[in-house]
Amino acid sequence: MTATRTARLLDGANCAQRIIERAAAAAATITESTGTVPCLATVLVGEDPASVTYVRMKQSRCRKNGIRSRDVPVPATTTTAELVEIVAELSLDPDVHGILLQHPVGSHIDERAAFEAIAPHKDVDGVTLASFAAMSFGLPGFVSCTPGGIIRLLKDYSINVAGMNAVVVGRSAILGKPVGMLLLAADATVTYCHSRTRNLPSVVREADLVIAAVGRPNFIQGGDIKPGAVVIDAGYNPGNVGDVDFTSARLRASWITPVPGGVGPMTIAMLMEQTVHAAAHQLGVASESLMPA
Ligand code: NAP
């Protein structure tokens with residue numbers, strides 16, 4: 001009888017919980033020492049059910065862990081100018097330390113203009129051009145939460161990506177592109193795939209590390225995973241299905257993230273950690289001593 005090898009799980013829920021506990025302790029210290037509760041403003045345009053769920057989840061996690069959540073609902077009919085004004089006001093509001101503008105905002109709105117209205121020191125979701133540039137150059141600033149969460153999860157499991165052939169499938173501004181930049185900074189050799197990539201499975205088959213960020217259920221099959229590769233599935237499709245076919249990929253990979261319970265919880269943990277860092281910085285508290293990474 002031959003034993004079937006299965007990948008070990010990268011438990012994002014567990015890793016996220018530890019980050020959240022540290023963030024909660026730091027939030028409590030900030031509140032005690034300054035009399036101000038760290039506050040995250042969440043701006044949601046319209047009522048897209050998936051976005052409503054994501055935002056509620058983020059708000060509830062914040063509230064349960066000592067971070068105030070300011071709910072800013074905006075009608076779907078809002079214009080770019082109106083949204084920019086709302087976000088710009090939050091950027092100036094001293095009671096707000098972090099701003100999350102939930103993506104997507106609606107196709108009639110210039111999302112980039114709205115993101116750019118977020119002051120970089122409150123950009124705890126890492127969506128502004130300033131944050132992206134700082135991240136790309138390895139300078140201080142906030143990282144995009146899902147990519148940042150992926151890197152933290154790899155570090156937590158002592159997976160050293162230096163020298164690895166990393167293939168990122170997807171090149172969105174909030175996920176694919178920035179995670180590739182962070183992997184490059186960690187000395188991986190990075191290849192991006194996208195909708196115009198020719199013979200994508202053959203590129204994925206060469207990868208020591210696969211990051212799936214496509215938004216298509218079970219898009220990557222186990223047969224396309226190099227034996228022993230590390231597989232990070234950032235996809236989150238209806239029915240709790242990832243972008244990687246977990247059952248077949250698990251038989252080839254060395255490490256794999258489950259969906260749910262992999263990348264998703266890390267995104268929220270990073271948002272909370274960065275909100276606490278932002279509040280600490282704005283309130284003059286040394287957050288690094290409160291919450292070492
Ligand atoms: P997106 O903006 O729609 O980008 C999808 C990317 O996939 C694009 O770069 C696109 O290529 C590429 N793509 C689409 N079809 C493809 C194909 N047939 N072959 C190769 N590449 C293809 O999506 P996103 O916002 O990055 O999200 C991706 C997934 O991650 C979704 O499932 C989303 O729900 C999930 N997500 C999860 C979290 C979390 O916290 N867990 C956070 C964010 C996103 P082109 O650029 O050429 O169009």
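For ligands, and for the atoms within them, numbers begin at 1 and follow the listed sequence. As a basis for the values below, the full set of heavy atoms in this structure was taken, side chains included, without hydrogen atoms, waters or symmetry mates. Each residue takes its place number in the sequence, starting with 1. Keep in mind that what you see is a predicted model, and the values were worked out from it rather than measured.
Contact between Ala213 and ligand 1 is present, with at least one heavy atom of the residue lying under 4.0 Å from the ligand. Not a single heavy atom of Thr197 sits closer than 4.0 Å to an atom of ligand 1.
A donor-acceptor contact closer than 3.5 angstrom links the side chains of His103 and Glu111.
Shown in contact with Thr267 at under 4.0 Å from a heavy atom are these atoms of ligand 1, numbered in order with element: 39 (C), 40 (O). Against a heavy-atom cut-off of under 4.0 Å, Asn237 is close to the following atoms of ligand 1: 32 (O). Contact atoms of ligand 1 toward Gly170: 6 (C), 7 (O), 9 (O) (distance under 4.0 Å to a heavy atom of the residue).
With contacts defined as side-chain heavy-atom distances shorter than 4.5 Å, the pair Leu9/Ile256 qualifies. Taking the side chain as every heavy atom from C-beta outward, Leu101 and Val127 never approach each other to under 4.5 Å. Thr275 is not listed as a side-chain neighbour of Cys62, based on a closest heavy-atom distance of 4.5 Å or more. Annotation: side chain of Val244 is not in contact with side chain of Val259 (no heavy-atom distance under 4.5 Å).
Under the 3.5 Å distance criterion, the side-chain polar atoms of Asp156 are left unmatched by any main-chain donor or acceptor of Cys15.
Among all non-hydrogen protein atoms, the one lying nearest atom 16 (C) of ligand 1 is Val214 CG1, 3.8 Å. Regarding atom 33 (C) of ligand 1, its nearest protein heavy-atom neighbour is Tyr236 N, 4.1 Å. Closest to atom 21 (N) of ligand 1, if we only count protein heavy atoms, is His194 C, 3.1 Å. When only non-hydrogen protein atoms are considered, atom 36 (N) of ligand 1 lies nearest to Ala234 O, 3.5 Å. For atom 9 (O) of ligand 1, the closest non-hydrogen atom of the protein is Arg171 N, 2.8 Å. Ranking the protein heavy atoms by distance from atom 41 (N) of ligand 1 puts Gly264 CA, 3.5 Å first. For atom 15 (N) of ligand 1, the closest non-hydrogen atom of the protein is Arg216 NE, 3.3 Å. Protein heavy atom nearest atom 1 (P) of ligand 1, with residue, atom name and distance: Ser172 CB, 4.0 Å.
Residue-level proximity to ligand 1 for Leu200 is carried by the side chain, the only part with a heavy atom below 4.0 angstrom. With a 4.0 Å cut-off on non-hydrogen atoms, Met266 does not touch ligand 1 at all. When heavy-atom distances to ligand 1 are checked against a 4.0 Å cut-off, Ser195 comes that close through both its backbone and its side chain.
Heavy-atom minimum distance, Pro75 versus Val45: O-CG1, 3.8 Å.
Pairs passing the salt bridge (Lys or Arg N to Asp or Glu O under 4.0 Å) check and including a residue from residues 54-72, sequence neighbours excluded, read Arg70-Asp93. For the ring pair (Phe, Tyr, Trp, His ring centres under 6.0 Å) condition, no pair includes a residue of residues 219-250, sequence neighbours left out.
Expressed to the nearest 0.5 Å, how far CD1 of Ile268 lies from CD1 of Ile19 amounts to 12.0 Å. Put simply, CG on Leu182 and CD1 on Ile211 are 10.0 Å apart, with the number rounded to the nearest 0.5 Å.
Not a single N or O atom of Phe219, backbone or side chain, sits closer than 3.5 Å to an N or O atom of ligand 1.
Closest to atom 31 (C) of ligand 1 by heavy atom, among Pro260, Gly215, Ala173, Cys145, is Gly215.
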